[in-house]
Amino acid sequence: QVQLVESGGGLVQAGGSLRLSCAASGIDLNYYSTTWFRQAPGKEREGLSSISISGTTTNYADSVKGRFTISRDKAKDTVYLQMNNLKPEDTGVYYCATADRFFRDKWSQAGQYNYWGQGTPVTVSS
C-alpha cells in the first residue's frame, strides 16, 4: 500500500519559517515528480510548487515565489518545502502529491497526481 506522509507543519508567527517534509512508503519518491498543494479553510486546493524527478527543474505559484523553495534529497528519499517569510494567508493544510512525470504545463491541476498524503497543518498568526 502506498502512503505519503507530510511532516513539519505547526504554528508560526508571521515572518517566520517552516520546513515541510514529504516521505513515502510503497514507492520511491526519487522516481516521481512531487508537488506541494495547500488547502486553506473554505478554499479550493491550490498548487504551490513542483519539482521534477531529477530535482533540476521546479515550478512555483506566483503567491509563493521568492518565499518558498522546493528541494529533493535523493539520499534521504525526501522532498522538502522550505517556507520563509510566512504570511497569515499561508495558513492551511499542506499536501504532497506525486506523478509519474513532471508537468511543465498546468502542473497545479490536482487531478493529474496519483498519490497524496494526508496533509500537515500550518497556521500562521498575525
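This one's a predicted model, so the numbers in the text were calculated from it and none came from an experiment.
Among residue pairs with one or both ends in residues 3-14, none qualify as side chain to side chain donor-acceptor pair (under 3.5 Å); sequence neighbours excluded. Listed by first then second residue, pairs satisfying ring-ring contact (aromatic ring centres under 6.0 Å, His included) with a partner in residues 62-96 number zero, not counting sequence neighbours.
Residues meeting the side-chain hydrogen bond (donor to acceptor under 3.5 Å, both in side chains) test with D105, sequence neighbours left out: none. Residues passing the side chain to side chain contact (heavy atoms under 4.5 Å, CB included) test with K65, sequence neighbours excluded: Y60, D62. For R45, the side-chain hydrogen bond (donor to acceptor under 3.5 Å, both in side chains) criterion is met by Q39, not counting sequence neighbours. Qualifying salt bridge (Lys or Arg N to Asp or Glu O under 4.0 Å) partners for E46, counting only residues two or more places apart in sequence or in other chains: R38. Residues passing the side-chain hydrogen bond (donor to acceptor under 3.5 Å, both in side chains) test with S33: none are found, sequence neighbours excluded. With sequence neighbours excluded, no residue forms a ring pair (Phe, Tyr, Trp, His ring centres under 6.0 Å) with W107. Residues satisfying the side-chain hydrogen bond (donor to acceptor under 3.5 Å, both in side chains) test with N85, not counting sequence neighbours, are none. For F37, the ring pair (Phe, Tyr, Trp, His ring centres under 6.0 Å) partners are Y113, W116, not counting sequence neighbours.
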Name the atoms and distances for all side-chain donor-acceptor pairs under 3.5 Å in residues 118-126, with sequence neighbours left out.
| unit_1 | atom_1 | unit_2 | atom_2 | d |
| --- | --- | --- | --- | --- |
| T120 | OG1 | G9 | N | 3.2 |

Taking distance alone, no hydrogens or angles, what donor-acceptor pairs closer than 3.5 Å link side-chain atoms of residues 15-32 to residues at least two apart or in another chain?
| unit_1 | atom_1 | unit_2 | atom_2 | d |
| --- | --- | --- | --- | --- |
| S17 | OG | N84 | OD1 | 2.9 |
| D28 | OD1 | N30 | N | 3.0 |
| N30 | ND2 | K74 | O | 3.1 |

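L81 CG to T34 OG1: the interatomic distance, rounded to the nearest 0.5 Å, is 11.5 Å.
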